[in-house]
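The structure appears below as structure tokens.
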Amino acid sequence: MDHFFRFEQEFIESLHCIPMIVRFKLDTCGVKLKLMHWNQFTSQEKQVLINMACQTQEEVKIYRDFLQTLVSEKTGTPAKSLPIDDNPPWFNSEHIPVEIQEKATEFNKKISLEKWDKLTPLQRFALIKLSRPSHENSNFFPALEEFNL
């Protein structure tokens, strides 16, 4: 299974950045993983985090525990825990967040509710993350194109 988006291709081979699939799982399990943590992991450890299931309550707990153990082994302390959103916006196919529409407007694009509904939660998650002002969002437009928006 291909876990990566085309807009991530520049760093996928080296995995020097945290891919969206892992960032999605981090928000799901409530862990604030820093890039410095990620870059201390071996390639094999990164692949485990990419491939490991993190959907059911049990899988989320196993993922979080595995990740926190890994971070603690590398740094001596666990990563910061974050609150878990019970109803994250990427699972809502009936409402497009305002920041997404605002960012799309910068590129003369408008996302219809019909197209938003057809996106996967991971695609919606990526657009939400890429639209935030705190994120280096040069990949927002490539993501729009990749998702046929």
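One finds the CD atom of E45 at 4.5 Å from the CG atom of L70 (value rounded to the nearest 0.5 Å). Rounding to the nearest 0.5 angstrom, the gap separating the CG atom in D27 from the CG atom in L33 is 11.5 Å. With rounding to the nearest 0.5 Å, the separation of CG in L26 from CZ in R64 is 11.5 Å. Note that the OG atom of S112 and the CG atom of L149 stand 8.0 Å from one another [nearest 0.5 Å]. If you take CD on E58 and NZ on K61, they are separated by 9.5 Å, rounding to the nearest 0.5 Å. The distance from the CD1 atom of I96 to the CG atom of L113 is 5.0 Å, given to the nearest 0.5 Å.
In the hydrophobic cluster analysis, where Ile, Leu, Val, Met, Phe, Trp and Tyr join through side-chain heavy atoms closer than 4.5 angstrom, I62 is grouped apart from V60. Under a hydrophobic-cluster definition in which Ile, Leu, Val, Met, Phe, Trp and Tyr are linked whenever side-chain heavy atoms come within less than 4.5 Å, directly or via other members, L127 and F4 are assigned to the same cluster. Both I128 and F107 are assigned to one and the same hydrophobic cluster, defined by single-linkage of ILVMFWY side chains at heavy-atom distances under 4.5 Å. Transitive grouping of hydrophobic side chains (ILVMFWY, heavy atoms separated by less than 4.5 Å) brings L35 and L130 into a common cluster.
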Quick one: do C17 and E10 satisfy side-chain contact (heavy atoms from CB on, under 4.5 Å)? Show the steps, please.
CA-CA 10 Å; C17 291; E10 68 185 62; over 6 Å; no

Q47 vs L15, test: side-chain contact (heavy atoms from CB on, under 4.5 Å). Steps then yes/no.
CA-CA 9 Å; Q47 284 299 321; L15 286 174; 3.5 Å; yes

Could you walk me through whether K34 and I18 pass the side-chain contact (heavy atoms from CB on, under 4.5 Å) test, one step at a time?
CA-CA 9 Å; K34 295 182 180 179; I18 303 171; over 6 Å; no

Working for salt bridge (charged side-chain N to carboxylate O under 4.0 Å, His left out), residues E106 and K103
CA-CA 5 Å; E106 291 177 25; K103 191 68 181 167; 3.0 Å; yes

From CA spacing to verdict: side-chain contact (heavy atoms from CB on, under 4.5 Å), E102, T105:
CA-CA 5 Å; E102 289 174 351; T105 301; 5.6 Å; no

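Shortest non-hydrogen contact noted between F140 and I100 is CZ-O, 3.9 Å. When all heavy atoms of A79 and V31 are compared, the closest pair comes out as CB-CG1, 3.7 Å. Here the shortest heavy-atom pairing between N92 and W116 reads O-NE1, 3.0 Å.
Counting heavy atoms from C-beta outward, N139 and F5 have side chains that stay 4.5 Å or more apart.
Judged purely by atom type and a 3.5 angstrom limit, Q101 has no side-chain atom pairing as donor or acceptor with the backbone of K110. Side chain of E8 to backbone of M20: a donor-acceptor contact under 3.5 angstrom is found. Distance alone, capped at 3.5 Å, is enough to place a donor-acceptor pair between the E59 side chain and the Q55 backbone. A donor-acceptor pair under 3.5 Å links the side-chain atoms of K25 to the main chain of M52, judged by distance alone. Of the possible polar contacts, none joining the R124 side chain to the P89 backbone as a donor-acceptor pair under 3.5 Å is found.
Among W90, F91, F147, the one residue that satisfies the ring pair (Phe, Tyr, Trp, His ring centres under 6.0 Å) test with F125 is W90.
Applying the ring-ring contact (aromatic ring centres under 6.0 Å, His included) criterion to Y63, with sequence neighbours excluded, gives no partner residue.
Using the six-membered ring where Trp is involved, W38 and F41 have ring planes that are perpendicular, over 60° apart on the 30 and 60° scheme.
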